[in-house]
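Remarks on the structure that follows.
These numbers come from the heavy atoms of this one structure, side chains and all, not from hydrogens, waters or symmetry mates.
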Amino acid sequence: MSRRQILRAAVGPIMVACLLTACQPQPKSGGVQVVEPGTAPATTATSAAPSLPPAPLTGVPAGSPAVATRPALAVPLRVSPSTTPAGLDAADVVYAEFAESDSLHLTAVYHSRDAAKVGPVTEIRPMDIRSVAVLRPFVGYDGGPTGFLAQFKDSKLAGVTPDDDDKAFSGDYTSTAALWRAAPKAAPPPTSVLDYATPGDALAGSDLAPARQLTVSVPGGPPMVWRFDAAKSVWTTRVGKATVAATSVVVLTTEYRTLDVRKPSPRSLPSAKVFGQGAAVAVSGPSGAKGSWRKPGQDMVCNVVGVDGGLLHPQPGNAWVIYVSSTARVTLG
């Protein structure tokens, strides 16, 4: 179900009570252009082929009806400055958490596109579970601390590890084809997580700013600098030794906590608090906007709104969602 279909359901008592009334700040009336997806006319020998539905995680027409209706996949990756990650540009959505030793802990979510190689696959962490549980993906991961595995079990998400099925992995890597083969059959497709723009929609209803660079500076670590490529209409940055591109980048300010884990090995890990609310900055196309976000619980969509209270409308395409602490500096240039 698309975010616009969810918003149309605001006239019903149940869905909105969960997604919009509970997920304040609410979009103001008229802040979202509501569009009813059209039904393709019955085809005849001379009629044009029906248009394909948009993929729920990108807003771009799906490659086929089978692609539009298949479940999502999620894969956690650990990327250090010396790592060359694989498969990130094929992900529809990537969630990013600043982890230990100048590394990033990423959750790559796949639905509309395939990747022949994804990795390096790493352990499951709370950020993975709490960010993607609403999408009900099939998760390919490499174990994790005992407490994190218990959280994953409680989430009721399905998944696979190298110990479960070594055919789904090749060393530290996997592929979307291998994970879809391992996934349960007839699982539902994901819901939309962003309210993608339709023709004529701006990123925000007010307070738009021209943007060519987005810089995320975290204490004690190198900055993450995204730059707009006007020729391709994408934002690019370096992640490890790879250059990645995104149609939209959304930065969410939240609390980071230190988690002390004991099994299988004692260590301390930074962890972003995915539930709650805070400031947000988004870029899409040549524009940037500030606003706020709210996600009350694990099975709730995170609403990102502008300063006018209306949902932000990023351009259709892949997106990165980055969790930063309140001590980080996020600047548009």
Side-chain angles (χ1 to χ4, degrees), residues 1-2 6 18-19 55-58 62 64-78 86-88 90-97 105-193 261 263-264 271 274-275 295 297-302 318 321:
M1 180 183 290
S2 71
I6 291 174
C18 178
L19 288 181
L57 297 184
T58 65
S64 70
V67 167
T69 57
R70 68 186 177 183
L73 306 172
V75 182
L77 293 81
R78 171 81 178 276
L88 289 176
D92 288 355
V93 183
V94 177
Y95 294 92
E97 175 183 65
H105 185 87
L106 308 177
T107 318
V109 183
Y110 299 88
H111 180 252
S112 69
R113 295 180 291 177
D114 298 299
K117 186 178 182 180
V118 180
V121 182
T122 191
E123 65 188 14
I124 199 78
R125 292 192 177 183
M127 186 275 286
D128 307 309
I129 302 165
R130 295 168 183 176
S131 296
V132 306
V134 69
L135 305 177
R136 310 312 299 174
F138 184 73
V139 185
Y141 64 105
D142 190 12
T146 304
F148 298 172
L149 295 178
Q151 291 182 38
F152 182 75
K153 181 179 180 180
D154 291 343
S155 74
K156 308 299 183 185
L157 292 173
V160 64
T161 70
D163 290 338
D164 299 328
D165 183 357
D166 59 5
K167 293 181 181 179
F169 298 85
S170 177
D172 293 334
Y173 295 84
T174 185
S175 68
T176 56
L179 293 178
W180 267 307
R181 282 195 298 269
K185 308 307 177 187
T191 188
S192 299
V193 293
V261 299
K263 296 180 180 180
S271 180
V274 176
F275 308 150
K295 180 178 171 70
Q298 186 159 285
D299 294 322
M300 302 281 192
V301 172
C302 179
N318 67 319
V321 178

Set of side-chain contact (heavy atoms from CB on, under 4.5 Å) partners for Ala68, sequence neighbours left out: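 Applying side-chain contact (heavy atoms from CB on, under 4.5 Å) to Ala68 gives Pro53, Ala62.
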Using modelled atom types and a 3.5 Å cut-off, is there a donor and acceptor pairing between side-chain atoms of Thr161 and backbone atoms of Gly143?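 Checking the backbone N and O of Gly143 against the side chain of Thr161, no donor-acceptor pair under 3.5 Å is found.
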Has Thr176 got a side-chain atom pairing as donor or acceptor with Ala115's backbone, closer than 3.5 angstrom?
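Yes; judged by distance alone, with no hydrogens or angles, the pair exists.
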_Go through it in stages, so that I can follow the logic: the residues are Asp128 and His105, the test is side-chain contact (heavy atoms from CB on, under 4.5 Å), and I'd like the CA-CA distance, side-chain angles, deciding distance and then a yes or no._
CA-CA 9 Å; Asp128 307 309; His105 185 87; 2.8 Å; yes
- Going by the ring-ring contact (aromatic ring centres under 6.0 Å, His included) test, which pairs reach into residues 145-190, not counting sequence neighbours?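 Every ring-ring contact (aromatic ring centres under 6.0 Å, His included) pair that includes a residue of residues 145-190, provided the two are not neighbours, is Tyr141-Phe152.
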So [Y] and [X], do their side chains get closer than 4.5 Å, heavy atoms only?
X      : Y      : value
Asp92  : Val109 : no
Arg78  : Glu123 : no
Pro189 : His111 : yes
Leu77  : Leu88  : yes
Ser192 : Val301 : no

Drop me the distance from [X]'s [atom1] to [Y]'s [atom2], to the nearest 0.5 angstrom.
X      : Y      : atom1 : atom2 : answer
Asp142 : Thr122 : CG    : OG1   : 6.5 Å
Asp165 : Thr174 : CG    : OG1   : 9.0 Å
Leu149 : Ile129 : CG    : CD1   : 8.0 Å
Met127 : Thr107 : CE    : OG1   : 3.5 Å

Please walk me through it: do Val274 and Tyr95 pass side-chain contact (heavy atoms from CB on, under 4.5 Å)? CA-CA 11 Å; Val274 176; Tyr95 294 92; over 6 Å; no
Begin with the C-alpha distance, continue with both residues' side-chain angles, and end with the deciding distance and a verdict on side-chain contact (heavy atoms from CB on, under 4.5 Å) for Arg136 and Leu157.
CA-CA 6 Å; Arg136 310 312 299 174; Leu157 292 173; 3.7 Å; yes
Restricting to pairs with a member in residues 111-120, which pass salt bridge (Lys or Arg N to Asp or Glu O under 4.0 Å), not counting sequence neighbours?
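Qualifying pairs: Arg70-Asp114.
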* At their closest point, which heavy atom of Phe138 faces which heavy atom of Ala182, and how far apart are they? ->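 Closest approach of Phe138 to Ala182, heavy atoms only: CZ-O, 3.6 Å.
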Steps toward side-chain contact (heavy atoms from CB on, under 4.5 Å) verdict (Leu135, Leu57)
CA-CA 9 Å; Leu135 305 177; Leu57 297 184; 4.0 Å; yes
